[in-house]
*Asks:* 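The structure follows.
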2 protein chains.
Amino acid sequence: MSPTGRKDGEGERYRAILETAARLICERGYEGTSMQEVAAACRMTKAGLYHHIQSKEQLLAAIMSFGMDMFEQQVLVQVRDMPDALERLRECMRRNILLVTRDLSKEVTIILHEHATLHGEARDYIDGRKKRYVRFLETSFAEAVREGRIRAVDPTVAAFSFLGQVLWIYKWYRPDGRLTDEQIADGMVDLFFGGLAVAERQSAPGPRGQEPEAAPLTPVVPLFAGKP
Amino acid sequence: MSPTGRKDGEGERYRAILETAARLICERGYEGTSMQEVAAACRMTKAGLYHHIQSKEQLLAAIMSFGMDMFEQQVLVQVRDMPDALERLRECMRRNILLVTRDLSKEVTIILHEHATLHGEARDYIDGRKKRYVRFLETSFAEAVREGRIRAVDPTVAAFSFLGQVLWIYKWYRPDGRLTDEQIADGMVDLFFGGLAVAERQSAPGPRGQEPEAAPLTPVVPLFAGKP
DNA sequence: GTAGGCCAACCTACCGGTCGGTCGGTTACC
DNA sequence: GGTAACCGACCGACCGGTAGGTTGGCCTAC
């Protein structure tokens, strides 16, 4: 049994229902989507739909759980074993941004938007998985501070700033906009980790720490290709 | 008539209705709040409530418009005439964060959460006011770059990063949490404008060979056993 | 000073429609 | 002949919204 309340393995049809429902809920919101509409979009009657699911809220929980699976597989497990905390965080931000902007991820958008819709156990379960991510970020920031790779900042503030930049994107990003998702990812990683301060033109290696490749902090990123 | 569909200037009672409705909608979402509940919370019947408003959607539009008024008065007009672009942006971020965290601002929270709920003219009207703010930020960033106060970054990326950090707060901030809103405001302003790069007088990275024992991901217990 | 007019502010009762969800089948394939 | 997949018909509750009436306070007119 998976945490979504379904047997493992089977159910290509169930997957299809989840995806269809996710599309609708992503477009109209959870409360704004009726089971009638979900069933119709699945080319079924409502009774037929209820053969596969237990309730509307369990359907939402299953969608969110699937979204968390996607997120963990495409972001977390890809970066969590990187030894360098700073590089880990940069890659994490990049991957997370691209996950949000990719149009496949209606499930992720739903997780982000319907953050207070679930109740009870299902809510606790999803919140637990989210919190695990926050703790991962906090730990990584603390580690990067400890290693002297970044300034001493509060890891919680850093983690939620990171998340805010990355996750707010779902509210405004449009694939046909001026900026591509790659440009946004590059730009935000550069801004967040490179900072805004005017570069003191390298020279300064500091008193003792002369790690040659220890400072990839202010590089690159062409952008600035836009309006005033 | 303002685009929110109400004569100007009238009604202390109307204000009270807006505030009560805002409280409910903030707690349960727009679609999740019935007019019955709004009326009851105003100690009225539904018909009595409809004496004051035209429709549910117009009620939402009025709440959002009031929220935009609050925002513009407490943030925008307070900072827009500051001559120094960088200082203007710092003060703007600070004020915006405190606006979001202050419990008065259910209306602001609703604007943030229900970003795709309105339709038609009312939607255009609110979106227009939001876009003015984005343009104000972009312009200020561009100005700060031009004056050499900050590095050359894309003003759009900077503006949306700024907004993401600031506005995402509504999703996680709780007044009884570890961090006060003042600490969050100070921390985020420092992080965003101070950057993460190690200050040059500080010593550089310590011993490098150490394995970071990176961020153990504690397992989450799956739950809600399912149906068939 | 009070009779009468007026109107905002409410009410009860109700509208057609939809909500999430269920029941008792029927089909089609193993 | 068992069972997973599905359907038509239906449930009670509730949805946003309205029709039509009652109330009570204020403004005038005499």
Side-chain angles (χ1 to χ4, degrees), chain A residues 1 4-22 24-25 27-64 110 114 117-120 122-123, chain B residues 1 4-22 24-25 27-64 110 114 117-120 122-123 224 226-228:
Chain A
M1 285 296 244
T4 59
R6 270 320 274 198
K7 294 172 219 145
D8 294 320
E10 64 154 327
E12 187 180 326
R13 192 70 217 271
Y14 184 63
R15 267 295 135 73
I17 289 173
L18 285 198
E19 204 194 308
T20 303
L24 263 66
I25 292 176
E27 284 167 10
R28 309 133 115 99
Y30 174 74
E31 302 277 5
T33 307
S34 75
M35 296 304 276
Q36 194 73 256
E37 292 171 319
V38 174
C42 294
R43 274 185 281 255
M44 275 188 209
T45 61
K46 218 178 6 158
L49 172 62
Y50 270 94
H51 176 72
H52 297 275
I53 66 169
Q54 296 159 2
S55 69
K56 193 186 183 186
E57 195 161 338
Q58 178 267 327
L59 172 63
L60 177 62
I63 289 170
M64 287 191 176
I110 291 171
E114 308 286 352
T117 306
L118 285 181
H119 303 98
R123 168 80 172 267
Chain B
M1 291 283 258
T4 57
R6 193 74 201 174
K7 290 166 231 148
D8 295 319
E10 69 178 88
E12 185 181 329
R13 192 69 217 273
Y14 183 64
R15 269 292 135 74
I17 289 173
L18 285 198
E19 203 194 308
T20 303
L24 263 66
I25 292 175
E27 285 167 9
R28 310 132 115 98
Y30 173 75
E31 302 277 5
T33 307
S34 77
M35 296 305 275
Q36 193 73 258
E37 292 171 319
V38 173
C42 294
R43 276 186 277 255
M44 275 188 207
T45 60
K46 216 177 7 158
L49 172 62
Y50 270 95
H51 176 72
H52 297 276
I53 66 170
Q54 295 161 6
S55 68
K56 193 186 184 187
E57 194 161 340
Q58 177 268 327
L59 173 62
L60 177 63
I63 290 170
M64 287 191 176
I110 291 172
E114 307 286 352
T117 307
L118 284 181
H119 304 97
R123 168 78 172 269
F224 48 108
K227 183 170 167 162

*Asks:* If I take atom CG from residue A:Leu18 and atom NE2 from residue A:His52, how far apart are they, to the nearest 0.5 angstrom?
*Replies:* 11.0 Å
*Asks:* Rounded to the Å, how far apart are B:His52 NE2 and C:dC11 C1'?
*Replies:* 12 Å
*Asks:* Let me know the distance between CE of A:Met44 and P of D:dG8, rounded to the nearest Å.
*Replies:* 13 Å
*Asks:* More than 12 non-hydrogen atoms from neighbouring residues, nucleotides or ligands closer than 6.0 Å to CD on B:Glu31, yes or no?
*Replies:* yes
*Asks:* Distance check: side-chain N/O of B:His51 vs OP1/OP2 of C:dC11, anything under 4.0 Å?
*Replies:* no
*Asks:* Considering non-hydrogen atoms only, spot the tightest contact between B:His119 and B:Glu57 and give its length.
*Replies:* N-OE2, 2.9 Å
*Asks:* Sub-3.5 Å donor-acceptor pair from the side chain of A:Gln58 to the main-chain atoms of A:Ile53, do we have one?
*Replies:* no
*Asks:* Does the side chain of A:Thr45 get closer than 4.0 angstrom to OP1 or OP2 of D:dC6 through an N or O atom?
*Replies:* no
*Asks:* Using a cut-off of less than 4.0 Å, is there contact between a side-chain N or O of B:Arg13 and OP1 or OP2 of C:dC10?
*Replies:* yes
*Asks:* I'd like a table of atom pairs between the protein and nucleotides 27-30 of chain C - only N or O on both sides, under 3.5 Å - with the distance next to each one.
*Replies:*
none

*Asks:* Using whole Å, report how far CD1 of B:Ile53 lies from P of C:dA9.
*Replies:* 14 Å
*Asks:* Is any side-chain heavy atom of A:Glu114 less than 4.5 Å from a side-chain heavy atom of A:Met64?
*Replies:* yes
*Asks:* Between protein and nucleotides 13-22 of chain D, map the contacts as a letter string: B base, S sugar-phosphate only, - none, heavy atoms under 4.0 Å, written 5' to 3'.
*Replies:* --SBBBB---
*Asks:* Can you measure A:Glu12 atom CD to D:dA4 atom C1' for me and round it to whole angstrom units?
*Replies:* 16 Å
*Asks:* Would you confirm whether A:Lys56, through its side chain, and A:Tyr30, through its main-chain N or O, come within 3.5 Å as a donor-acceptor pair?
*Replies:* yes
*Asks:* Closest approach of B:Ala39 and B:Leu49, non-hydrogen atoms and distance?
*Replies:* N-CD2, 3.9 Å
*Asks:* Would you compute the distance between atom CD1 of B:Ile25 and atom CD1 of B:Ile63 and round it to the nearest 0.5 angstrom?
*Replies:* 4.0 Å
